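Quick notes on the structure that follows.
All residue numbers in this chain count up from 1 along the given sequence. What you are looking at is a predicted structure, and each value in this text was computed from that prediction instead of being measured.
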Amino acid sequence: MLNRRHMMFATAAAGFAATGGLPSLALAREGEVAKLNALFDAIMAKQLRQSPETATSLGVDTGELAWTKGLLTDRSAAAIDAGKVEVRTQLAALRAIDRRALKGMDAANYDTVEFILAVMDEGNSKFSYGGGGSGAPYVLSQLTGSYQQMPDFLDTQHSIETKADADAYLSRMEGFARLMDQETALAKQDMADGVIPPDFVIDKTLVQMKAFADTPTAETTLVKSIARRTKEKNIAGDWAGEASKIYENSVLPALKRQIALMESVRSKATHDAGVWRLKNGGEYYATSLKNYTTSNLTPDEIHQLGLDTVKAIEIEADKLFKKIGMTKGTVGDRMRKLGEDFYPNTDEAKEQLIKDLNDKAKWIEKQLPAYFGQLPKAPLEIRRVPKAIEAGAPGGYYNSPSLDGKRPGIYWINLRDTKEQAKYTLTTLTVHEGVPGHHLQLSLSNEAKGLPLIRKIIGFSGYTEGWALYSEQLAVEMGVYKNDPRGQIGMLHDALFRAVRLVVDTGMHHKKWSREQAVKYMAETMGDEESGAITEIERYVVWPGQACSYMIGKIVWLRARAKAQKALGKTFDIREFHDAGLLSGMTPLTVFERVIDDYIVSKGGKA
């Protein structure tokens, strides 16, 4: 997964590095197309001003964009309100353009931007909690809040090459304290309106916050990072001392204020898992589903789809189990048995696990030319999730490479307990997060030629997670599991996992299932360790709807491929199909289907 509530502006500032500013797409076009691209330029420029972190994330916070490097996003109530007005203004400006005058990719560009602005405006107008919008109702949780993200951001994405970079790092430490206090104010306002996370979410959040706060100053990621990197670059100064002062005088007090807030509301928290209990909770969930899946399926339809898909996958898995002589027990029982084979839970074994996965990814990369016309230039690395955040982090997730080539695409794997990462599932996790999953798709999107910049930075969970799950099945065709039936069962295990998500996500947020009911269903159906199921279920609690995007997206990718194969017959080329879907950029699933229809027609078929 991408470890973000959605990817709107997740890779902003593409193309800025070479020019020092925003290249205008409108100059070379005429009429409504020129208006469209001029608006895209304006939205991009505004976004960069409002989110300095995006330039850093892509490694383009240099030259004329160096001013962004010491700043962080403003999450004050006033800034959030201004952002809501800006979204509505942008949506109105877009809808003033004559959609009927647009064709091909220009039409797809319009529809894509219109969708995300519309769903953002819908969330902003209906819901005030979570900072507005949809998909993440709690400002502070085990997965939301800058306390959970900022130390890693500063350590792995804020580069330090010069004294100015180090000064900017210290400035951002001060900004981090300010940001936490802004989030505390937002959360306090939400809590006064009854938007309090469930008790088990508060408990896990407090565990993480206190682990952060209890770390000796000199051992914190924030202080160690700048001390280590300035030493490596021979940048003179007492950087550890300066960072320690800021940490103790600003960051730690702000963190303790968040801890105090979470402790103060713990007695008021209920154990109910779903957002149905919040104000307009039913509508909130429906909007969150639309945001993440980019489909119009109802919660009831998604729940039934999940139940049906679980049964179908279990039948397929049973056949493979019988081939390897495992015939007794439920599919979950047999998967649990396979799951007993894992790497030892030692640092040495975890290092070997990371090496083995990197080797597997390199082997897969050699098979890619037979299935893709264009391949990414950015390299892939597989790393362990930092110990400081592994308690609440998901099993695996991916960070896109920087545009300057200095930071590779990184697939992070959570090794807090190797029992949660059974050997028979590791290849599929690598396919999903690495190649040909997230790394290939997101790198190609960044590198695609001819797309407006805004199209490179808007992402959709249904499209991206659907692609990654489709990739897991594609890996069977690529021979990744040749002579490895256990690995193929691992692929089915993960497909079953995503089908189960449809059931438990809608179960908790729509059908009022308890946390325990959802954990029991997942653990028994999957045959997984309960600890892993708990982490997953609690993730769905704070990101309602996001987990549903995977299987729905996969189904749409498979349906589009089947349609193209039927329409084009013997002329169908899987490399061309993949290029058509990937090089057109990330879109809502409805727009993706139109893109594939255009591809079919361009090849002489009938859509």
Side-chain angles (χ1 to χ4, degrees), residues 1-2 309-310 312-314 316-321 323-324 326 331-332 334-343 353-368 371 380 382 385 394-398 409 411-415 418-441 464-501 522 525-529 532-533 535-536 547 549-551 553-555 557-558:
M1 61 161 291
L2 297 172
T309 307
V310 165
I313 294 171
E314 286 179 333
E316 189 176 354
D318 180 60
K319 293 177 182 178
L320 279 175
F321 273 119
K323 285 185 177 181
I324 63 173
M326 296 181 69
V331 166
R334 285 173 279 179
M335 286 184 173
R336 184 179 293 110
K337 185 67 176 176
L338 284 185
E340 293 174 0
D341 184 16
F342 46 82
Y343 286 78
L353 185 157
I354 295 293
K355 179 182 182 302
D356 291 346
L357 294 191
N358 274 294
D359 290 343
K360 175 66 73 172
K362 287 181 174 60
W363 183 89
I364 295 173
E365 286 173 343
K366 293 179 182 178
Q367 320 309 315
L368 296 179
Y371 295 87
L380 169 69
I382 304 175
V385 171
Y397 55 93
Y398 175 78
Y411 143 38
W412 299 92
I413 183 168
N414 196 325
L415 298 180
T418 54
K419 289 183 179 179
E420 296 175 14
Q421 303 286 5
K423 283 186 177 180
Y424 82 110
T425 65
L426 287 173
T427 294
T428 295
L429 182 62
T430 300
V431 167
H432 181 101
E433 301 294 345
V435 284
H438 285 320
H439 176 67
L440 186 144
Q441 181 259 308
T464 56
E465 298 297 353
W467 166 260
L469 191 51
Y470 163 84
S471 294
E472 295 177 14
Q473 186 159 320
L474 178 66
V476 178
E477 302 171 39
M478 295 174 63
V480 173
Y481 303 108
K482 187 178 181 181
N483 302 320
D484 183 16
R486 284 171 171 76
Q488 189 167 346
I489 292 172
M491 182 274 293
L492 291 175
H493 169 278
D494 284 12
L496 182 63
F497 176 37
R498 275 52 181 247
V500 164
R501 285 173 161 180
M522 172 169 275
T525 304
M526 300 298 304
D528 280 355
E529 292 286 333
T535 297
E536 287 296 326
S549 62
Y550 295 65
M551 182 56 71
K554 175 187 177 181
I555 290 170
W557 271 96
L558 287 172

Interatomic distance, [X] atom [atom1] to [Y] atom [atom2] [nearest 0.5 angstrom]:
X	Y	atom1	atom2	result
Tyr371	Ile364	OH	CD1	12.0 Å
Leu474	Trp557	CG	CH2	10.5 Å
Leu496	Glu316	CG	CD	11.0 Å
Thr425	Glu420	OG1	CD	11.0 Å
Thr418	Phe342	OG1	CZ	6.0 Å

Task: Gln488 and Val476: CA distance, side-chain angles, deciding distance, side chain to side chain contact (heavy atoms under 4.5 Å, CB included) verdict - done: CA-CA 7 Å; Gln488 189 167 346; Val476 178; 3.9 Å; yes
Open item on the list: Over 60° means perpendicular and under 30° means parallel, so tell me whether His432 and Tyr550 are parallel, tilted or perpendicular.
Closed with: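 It falls in the parallel class, under 30°.
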Open item on the list: What I want to find out is whether Asp356 reaches Lys360 closely enough, with some N-O distance under 4.0 Å, to be called a salt bridge.
Closed with: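 A salt bridge is absent here (no side-chain N lies under 4.0 Å from a carboxylate O).
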Task: Carboxylate-amine/guanidinium contact Glu472 Lys554, below 4.0 Å - done: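 No salt bridge links Glu472 with Lys554.
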For a quick test of reading the model, state the closest non-hydrogen atom pair linking [X] to [Y] and the distance between them.
X	Y	result
Trp467	Gln441	CD1-CB, 3.4 Å
Thr428	Gly490	OG1-C, 3.8 Å
Gly395	Glu536	N-OE2, 4.2 Å
Gly339	Ala422	CA-CB, 3.6 Å
Met551	Ala495	CE-O, 3.3 Å
Leu338	Ile489	CD1-CG2, 3.9 Å

Where the side chain of [X] meets the backbone of [Y], is there a donor-acceptor pair that is under 3.5 Å apart?
X	Y	answer
Gln367	Trp363	yes
Asn414	Val385	no
Tyr424	His493	no
Arg334	Phe321	no
Asn358	Ile354	yes
Thr430	Leu357	no
Ser471	Pro436	yes

Open item on the list: Quick check on Lys419: does its NZ atom have over 12 non-hydrogen neighbours (other residues, nucleotides or ligands) under 6.0 Å away?
Closed with: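 No, not enclosed.
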Open item on the list: More than 12 heavy atoms of other residues, nucleotides or ligands under 6.0 Å from CZ of Arg486: yes or no?
Closed with: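 Not buried by this count: 12 neighbours or fewer within 6.0 Å.
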Close side-chain approach of [X] to [Y], heavy-atom, < 4.5 Å:
X	Y	answer
Trp412	Glu433	no
Ile413	Leu426	yes
Thr309	Ile313	yes
Leu368	Met478	yes
Leu415	Gln421	yes

Task: Tyr411 side chain to His438 side chain, donor-acceptor N/O pair below 3.5 angstrom - done: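 Absent: no donor and acceptor within the cut-off.
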